[in-house]
Asker: 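Got a structure here, written out as structure tokens. Questions coming.
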Amino acid sequence: MPGQKRGDNGQTGPFTHYRACNLCEAICGLEIRVEDGEILSIRGDRLDPFSRGHICAKAVALKDIHEDPDRLRMPVRRVGTDYEEIGWDEAFDEAASRLKDIRDRHGRDSLAVYLGNPSVHNWGTLLYGPMFLKALAPGNRFSATSVDQLPHHLAAYLMFGHQLLLPVPDIDRTDYLLMIGANPLVSNGSLMTVPDVRHRLRELQARDGRLVVVDPRRTETASVADEHLFIRPGTDALFLAALVHTLFDEALVRPGRLEPFTDGIHLVRLHVRPFSPEAVASAVGIEAERIRAVARDFATADAAVAYGRMGVSVQEFGGLCQWLVNVLNILTGNLDRPGGSMFTRPAVDLLQFRGPGSYDRFRSRVRGLPEFGGELPSAAMAEDMLAGGEDRIRGMVTVAGNPVLSTPNGRQLDEALAGLDFMVSVDFFINETTRHANIILPPTSALEHDHYDLVFNALAVRNVARYSQPLFEPGLEARHDWEIFLELARRLQGGSLITRVKGEIGRWQSMAFGPTGLLRLALKRGPYGKRLGFRELLSAEHGLDLGALDSCLPERLTTQDKRIHLAPGIITADLGRLRRSLEKMSESAADGTLTLVSRRQPRSNNSWMHNCERLVKGKDRCTLLIHPSDASRLGLRDGRKARIRSRVGEVTAPVEISDQIMPGVVSLPHGWGHDRPGVRLRVARRHPGTSVNDLTDHQRVDTLSGNAALSGVPVTVRPARRSRRPS
Ligand code: SF4
């Protein structure tokens, strides 16, 4: 059994451990029964004031991942197509010396780092990763942000002054929730930390509130909504612009207390003039009168909130979509008021620790896509490796990421990673991406270290805080991720003797503090000051509720003039592109082209939970959803395989005929495709599925934000020929 048991006061019998789940954004409280170092059960912690006992099917993955025989416990080195276990010293030496060598010979631009989504669920990586990045000084930084929520950050940076000043729906008090491209019943909330969302939505409806979902698929959330509107993929910006147009057209603009510190209202009126509901209806696929009715209902509700998520971010107009969501909330007075779109007051205020952001200070090498917050769009990653020249990317570090399955045109990235001079991965699985690494450095599992959620407490629909102690003692040889980053930083440190000595002192202090020491300091500087110190957190094993969200504007704005910038020029300049696309969208609405969207599944979390038998067993869930009318037109049969082709690739998948998807749209789930050679995930390989990102196109991006346009990919679909049995 990996790891030693750990009980309060060192008891040896069965005991109960309480902690927050850090697998997804919902941060549910868990009650874990343990005996003799073995987890007997994982249940929801009913005394957690925030999650109220809710958990989802994925919670058991914490145990499965911890015990997974495929999980690396020691560093490995790739030798041909095989791996050999090596000691930490040797692994650190080789990783640092080879990366340094590339940097010395070819310059900083020859190095790149990719940070995967689990990085933000792990406070060790968040707190100590920057130290490693500083020492490595790569010329190229990529992350999962630009295949997900980058448009949110861009809009927040330009409108409110800080990339992390992200408003969340005050779901517990709203009367009208307009949800566009979001499916929290499956995602469990995203950029809206909302455990137990099903009950919260029921409570909304029980108080006569209204839930309206706009999505090309009748999602799990749409199925419980008061109204579901099908929308053609990629046209959400037109829909949102038409809502804002209607507010002006029908004298529904009432920003209320926001007006004295909001600039640009008249400019927005001018900018949305071309986007009347009547002008966009045929492209969007929603009748003009219905669009007007949504705008009226939204504007006249006592408290309303618009929330747009993944579906409206990962498309060609993601930046405009997230800007328009904020505009809609502001023009109706629903920003920063109870029941509207509000800002949390987290115990650890990230705004104190992260810079406000930056935009377009430099560009990607081949295509010239803009930087945001020091990172380049992940859609440019492969081409910047594959292009020739001295400054191409030659050395790579991935941290808790699987971009081969998560970023557009995964096959191209696969090829690019295979051609690198050297690659290091900080990860505990040999997956579709890390199989290319020369050295893999595995950190401890989530149950072997303590945790405080720095990011998702700051996006929660209530002000909450919870500290989780480690459940198991890590083995003597194991390293936490923050220890890995400190050690790599030590060996990578360059510069003068003074710089190196200073770096050494800083790292020694950081090692002595550990994440917990930093948390103590951060709490002292946080908004709850003396009221909430580490001792209080430690004694609240079920977590603390610090109250409902409260109004905080204009004080919390970080724009230099402390005003909301409703019409930033960088964003409004992009409306010309939207206007030009209107005609094209109307035409393609009529020509029968199929467009591909992805979908999330309750038992799946991006690409990394398919090695848990109990989450993948049963029928094949990696199916192509298609409407009956399209299936009949194309001669597709339920359960038989279809061949799907895009500009960049071709895959096959079993057909699932369903009217939950709108005509003209097909859908594949995200995160599958485990049949590549060299993947060491035994369970996942038995349930490989197909990677939707073998079809998504790296050339399709939101040129404003640089976010990948994973949604709305043009595809053709036909029946796959059945292979003949060998005689
Ligand atoms: S909803 Fe998310 S946080 Fe809650 S148990 Fe499931 S995976 Fe964990």
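Numbers here are sequence positions counted from 1. Indexing begins at 1, ligand by ligand and atom by atom, following the structure's order.
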Asker: Could I get the full list of side chain to side chain contact (heavy atoms under 4.5 Å, CB included) partners for A400, not counting sequence neighbours?
Answerer: P118, S119
Asker: List the steps, then state whether side-chain contact (heavy atoms from CB on, under 4.5 Å) holds for L405 with T433.
Answerer: CA-CA 8 Å; L405 296 190; T433 297; over 6 Å; no
Asker: When the ring centroid of F160 is compared with that of H162, is the distance short of 6.0 Å?
Answerer: no
Asker: Could you work out, with salt bridge (Lys or Arg N to Asp or Glu O under 4.0 Å) as the rule, every residue matching R599, not counting sequence neighbours?
Answerer: none
Asker: Who pairs with D215 by salt bridge (Lys or Arg N to Asp or Glu O under 4.0 Å), at least two apart in sequence or on another chain?
Answerer: none
Asker: Show, in sequence, the C-alpha distance, side-chain angles and deciding distance for H674 and H610, and conclude whether the ring pair (Phe, Tyr, Trp, His ring centres under 6.0 Å) test is met.
Answerer: CA-CA 9 Å; H674 307 294; H610 297 154; 4.9 Å; yes
Asker: Check each protein residue for a heavy atom under 4.0 Å from ligand 1 and list those that pass, ordered by chain and number.
Answerer: C21, L23, C24, A26, I27, C28, I55, C56, K58, A59, N188
